[in-house]
Amino acid sequence: MKEAVGAAGVFRARGEAMIEAKGTVLNRREFLRLAGIGGACAAASSPFLSGRLGRLLTGAGVAEAAGASPLARNAPEARYYVSTLAPAGVCASCHGDASDLDVSYRHTSRAVKCFLCANECDIPDGARGLCRARENVGGVLKTLVYGRPAAIHVDPIEKKPFYHFLPGTTAFSIGTAGCPLRCEFCQNWELSSAAPEEIEGEEVTPGAIVRAALRRGAPTIAFTYNEPTVFFEYLADISREGRKEGLRHVLVSSGYMNPEPLEEMCGFLDAIKIDLKGYDEEFYRKVCGGELGPVLRSIRGAARRGVHLEIVNLVVPTLNDSPERLRELCRWVAGETGPDTPVHFTRFHPDYRMLNLPPTPVSTLERAWEIAREEGLRYPYVGNVPDHPGNNTYCPSCGGKAIERIGFHTIGVRVDEEGRCAACGAPIAGVWK
């Protein structure tokens, strides 16, 4: 679902004050003007950014750098990595079964291996991982996006999309630069493909994010826009601060993280939306630059932890839209996470490097909706088609409209705080209070 916000939607203290005074959500141009950073906006939309994309996306592995970058020198240390500088006994972290290795060996290099996402990048000194958000500085992995939000908006929670989590409320939404995947259809590519240096602005502490969300009356903070896993340390600290104030926290993710970080995130998140981009290994490798297995693993992990889970499948014409693949996807979700998992079949619109394909026919989305029902899923949706009946939530017991929507806006909720249908009293899965 398109949730683009622009690469230079930078949060700054002066801009925050202006927003609070104005009392409305500003568009990108007005926000940047009030914050006094119009030059950053111009730079982000200049040919320089477009010209960088080819250089950024053609390299495999990591990009070499001559010593630590200025941004990395004072950046905080990242988590979920191992360094060749670590004491003996960590060989198995990189080499698997270390029983036949000489544990007395000492590396002369200062390489690190990152375990945050499924790429598990081996990063030489002075280089970055595929996400561009983490840099090796002399054997210490630094996070370059901590306290550096690239976009902040107040959105309807339905825009994430969460349809069964506090419907009709708002989410204070933040994202940074960077992503471990390379999806050719990415609709937030200005952020996901950017390097942290391209995002200008002052540091924003976790406490400042929480206070801003409270001032805007948003009950939820959403980590979104780019892949939030790359700013794991930042979102973890925001969530811990926000919980003290009674806020909820949701993750909008590709699901391309490793099990240990996901397990930790499930301890402080209230809901997770994962993009299951297709039930096809080749599609993931050729179109997304990743693998299907880690995403399925993350969906299982979130479901096992009992965190509220919703799934989005962007249906791309000719690439992942065959009835057979859609049926396999629905059957897998029903079997692995249960029939109450909401699944959104979302309309593709040409963007980024995939401008040659047409928008998804609505009939294809309707067929996906029908297949989901046939496979036992109780809450399928037709996404990115405003006013479509498939945008509503229907009670699986009586068939009545439990929640009625127009676009991203809820116009009628017939579910009580205990999650019961107002018409028949049957339970409706979700988080309602």
Side-chain angles (χ1 to χ4, degrees), residues 52 55-148 176-182 192-198 226-236 254 256-265 285 288-291 293-294 297-298:
R52 289 192 75 253
R55 297 194 296 275
L56 286 171
L57 298 178
T58 53
V62 294
E64 294 294 340
S69 67
L71 184 59
R73 291 187 190 117
N74 297 317
E77 184 175 0
R79 295 182 55 199
Y80 291 105
Y81 80 98
V82 66
S83 172
T84 56
L85 299 181
V90 297
C91 300
S93 298
C94 295
H95 296 282
D97 183 5
S99 60
D100 60 346
L101 295 178
D102 179 5
V103 295
S104 65
Y105 177 80
R106 293 294 180 267
H107 288 272
T108 56
S109 68
R110 295 179 176 181
V112 305
K113 187 177 185 69
C114 180
F115 293 101
L116 183 63
C117 86
N119 286 326
E120 296 191 355
C121 294
D122 295 303
I123 309 175
D125 190 8
R128 297 182 184 183
L130 283 167
C131 67
R132 307 185 191 91
R134 303 165 92 77
E135 182 175 326
N136 177 2
V137 181
V140 176
L141 191 62
K142 299 293 192 78
T143 168
L144 308 182
V145 290
Y146 189 100
R148 295 176 57 82
T176 69
C179 181
L181 294 177
R182 298 291 184 268
S192 65
S193 65
E197 290 89 347
E198 295 172 0
N226 69 318
E227 171 49 53
T229 302
V230 307
F231 60 95
F232 172 88
E233 297 81 6
Y234 192 36
L235 73 84
S254 67
Y256 212 65
M257 69 283 283
N258 268 334
E260 292 78 10
L262 174 63
E263 183 78 11
E264 184 174 348
M265 283 191 282
R285 285 194 293 268
C288 305
E291 302 289 335
R297 181 183 65 199
S298 293

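Worth knowing before you read on, the calculation uses all heavy atoms, side chains too, and leaves out hydrogens, waters and symmetry mates.
- In this structure, R148 does not pair ionically with E233, as no charged nitrogen and carboxylate oxygen lie closer than 4.0 Å.
- Using a 4.5 Å cut-off on side-chain heavy atoms (C-beta onward), S69 and E135 make contact.
- Separation of atoms OG (S254) and CG (L181) is listed at 4.5 Å; rounding is to 0.5 Å.
- N136 and R128 share no side-chain donor-acceptor pair at under 3.5 Å.
- One distance of note links CD of E260 with CE of M265; it measures 11.0 Å at 0.5 Å rounding.
- Nearest heavy-atom pair, P228 versus L235, reported as atom, atom and distance to 0.1 Å: O-CD2, 3.2 Å.
- Nearest heavy-atom pair, A177 versus A194, reported as atom, atom and distance to 0.1 Å: CB-O, 3.7 Å.
- Between the side chain of N119 and the main chain of L130, no donor-acceptor pair closer than 3.5 Å is present.
- The closest side-chain heavy-atom distance from R134 to V230 is not below 4.5 Å.
- Listed for the N258 side chain is a donor-acceptor partner under 3.5 Å among the backbone atoms of F115.
- At distances below 3.5 Å, at least one donor-acceptor pair connects side-chain atoms of S83 with backbone N or O atoms of G139.
- Among residues two or more places apart in sequence or in another chain, the side-chain contact (heavy atoms from CB on, under 4.5 Å) test is passed with E264 by R79, Y80, F232, R240, F268.
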Side chain to side chain donor-acceptor pair (under 3.5 Å) between S192 and N226, intermediate numbers included
CA-CA 5 Å; S192 65; N226 69 318; over 6 Å; no

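- Scanning all heavy atoms of the two residues, the minimum distance from R297 to A118 falls at NH2-CB, 4.2 Å.
- Between K142 and P76, the closest side-chain pair of non-hydrogen atoms is not below 4.5 Å.
- Using a 4.5 Å cut-off on side-chain heavy atoms (C-beta onward), T176 and P196 make no contact.
- Considering all non-hydrogen atoms of both residues, G138 and D125 come closest at N-OD1, 2.7 Å.
- Side chains of E120 and C117 form no contact here, defined as non-hydrogen atoms less than 4.5 Å apart.
- Remark: side-chain polar atoms of E291 are not paired, donor with acceptor, to backbone N or O of G293 under 3.5 angstrom.
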Under the criterion side-chain contact (heavy atoms from CB on, under 4.5 Å), I'd like the reasoning laid out for T84 against V112: C-alpha separation, chi angles, the key distance, then a yes or no.
CA-CA 6 Å; T84 56; V112 305; over 6 Å; no

Candidate pair E227 and C131, rule side-chain contact (heavy atoms from CB on, under 4.5 Å), full reasoning:
CA-CA 9 Å; E227 171 49 53; C131 67; over 6 Å; no

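- Counting only distance, with no hydrogens or angles, the side chain of Y234 and the backbone of T143 share no donor-acceptor pair below 3.5 Å.
- Looking only at side-chain heavy atoms (C-beta outward), R182 and C288 stay at 4.5 Å or farther from each other.
- Note that OG of S193 and CZ of R132 are 6.0 Å apart. Values are rounded to the nearest 0.5 Å.
- Checked against side-chain hydrogen bond (donor to acceptor under 3.5 Å, both in side chains), Y81 has the following partners two or more places apart in sequence or in another chain: E77.
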